[in-house]
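Throughout, numbering of the chain's residues begins at 1 and tracks the sequence. Model, not experiment: these values are computed from the prediction.
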Amino acid sequence: AKRLRPEMTFGADIIAGFPTETDAMFDNALALVKDCDLPWLHVFPYSKRPGTPAARMPQVNGIIIRDRAAQLRAAGEEQVTKHLQAQVGRSHNVLMESPVMGRTEQFAEVHFETPQTEGAILQTQIEGVASGGLCAGDWRIGRQPTRTPHARPPIAFTTKQPSKAKGPQDQPTGLFKFSSQKPYQLF
């Protein structure tokens, strides 16, 4: 799939410490994050639920579960950083979710200092990476976003509005995953 569509990104939900998980099984899950180039992870530790079949299975020690979840999150952060850094200098369509934050078609956050129209799709040149997303527009080094509390200071970038669409065939459809959740959740 990546050979045909190199711009595609993938994500995964991963349970750390599911009953009967061995060291080898965990190592495979950890390798999967890198081998499959998964930047968007939702990692959570297994927790026993009374009355479920998994509750009757041999359990993994809680300390091991927490440690494995932390290792998976760290691997996910490395993949996010790698993905974000690869976007610098590239042009992206960005769907504005708030006046100062939008998302690329690959679900990466893009932060703007100048307010934009919510719901608009902007053609944007990415010029920097903050530890929580991409930077576009007239960001100044060290400036904190005002409407996205989980964002971090970006570096800088430029933005251009796309030309007006001429008809329904020119309207973008189905390009974006809509969500108010962060793509990478830490617990």
> Does Ser98 reach the main-chain N or O of Met101 with its side chain, forming a donor-acceptor pair under 3.5 Å?
Replying inline: yes
> Can you check side chain to side chain contact (heavy atoms under 4.5 Å, CB included) on Glu118 and Glu97, steps first, answer last?
Replying inline: CA-CA 6 Å; Glu118 287 184 49; Glu97 291 187 359; over 6 Å; no
> Minimum heavy-atom separation for Arg56 to Gly51, with atom names?
Replying inline: NH1-O, 4.1 Å
>> Measuring from atom CD1 of Ile126 to atom CD of Gln87, what distance do you get when rounded to the nearest 0.5 angstrom?
In response: 7.5 Å
> Taking all non-hydrogen atoms of both residues, which atom of Phe18 and which atom of Ala54 are closest, and how far apart?
Replying inline: CZ-CB, 3.7 Å
> What residue among Ile65, Asn61, Val60 forms side chain to side chain contact (heavy atoms under 4.5 Å, CB included) with Ile63?
Replying inline: Asn61
> Picking from Glu105, Gln106, Gln123, what satisfies side-chain hydrogen bond (donor to acceptor under 3.5 Å, both in side chains) with His92?
Replying inline: Gln106
>> Ignoring hydrogens, what is the shortest heavy-atom contact between Ala108 and Leu84? Give both atom names and the distance.
In response: CB-CD2, 3.8 Å
> Under 3.5 Å, is there a donor-acceptor pair linking the side chains of His83 and Gln85?
Replying inline: no
> Which pair of non-hydrogen atoms, one from Phe10 and one from Pro39, has the smallest distance, and what is that distance?
Replying inline: O-CD, 3.1 Å
>> Please determine whether residues Leu38 and Met25 belong to a single hydrophobic cluster, defined as Ile, Leu, Val, Met, Phe, Trp and Tyr linked transitively by side-chain heavy-atom distances below 4.5 Å.
In response: no
> Do Phe112 and Val94 come within less than 4.5 Å of each other through their side chains, counting heavy atoms only?
Replying inline: yes
> With side chains defined as the heavy atoms from C-beta onward, is the minimum distance between Met96 and Leu122 less than 4.5 Å?
Replying inline: yes
> Roughly how far, to the nearest 0.5 Å, is NZ of Lys82 from CG of Asp37?
Replying inline: 4.0 Å
> Is there a side-chain contact between Glu109 and Leu134 (heavy atoms, below 4.5 Å)?
Replying inline: no
> Can any side-chain N or O of Glu127 pair as donor or acceptor with the backbone N or O of Gln125 at less than 3.5 Å?
Replying inline: no
> Can you find a heavy atom in the side chain of Pro19 that is under 4.5 Å from one in the side chain of Gln59?
Replying inline: yes
>> What's the separation between atom CH2 in Trp40 and atom CG in Asp13, rounded to the nearest 0.5 Å?
In response: 14.5 Å
>> Can you tell me how far apart CD1 (Ile15) and CG (Leu72) are? Round to the nearest 0.5 Å.
In response: 11.5 Å
>> Could you check whether any side-chain heavy atom of Thr104 comes within less than 4.5 Å of a side-chain heavy atom of Asn93, counting everything from C-beta outward?
In response: no
> Could you state the interatomic distance from CD1 (Ile14) to CZ (Phe44), rounded to the nearest 0.5 Å?
Replying inline: 9.5 Å
> Taking 4.0 angstrom as the limit, do Glu21 and Arg68 come out as a salt bridge?
Replying inline: yes
> In Å, rounded to the nearest 0.5 Å, how long is the span from OG1 of Thr20 to CE of Met57?
Replying inline: 4.0 Å
>> Please find the pair of heavy atoms, one from Gln71 and one from Asp67, that lie closest to each other, and give the distance.
In response: NE2-OD2, 2.8 Å
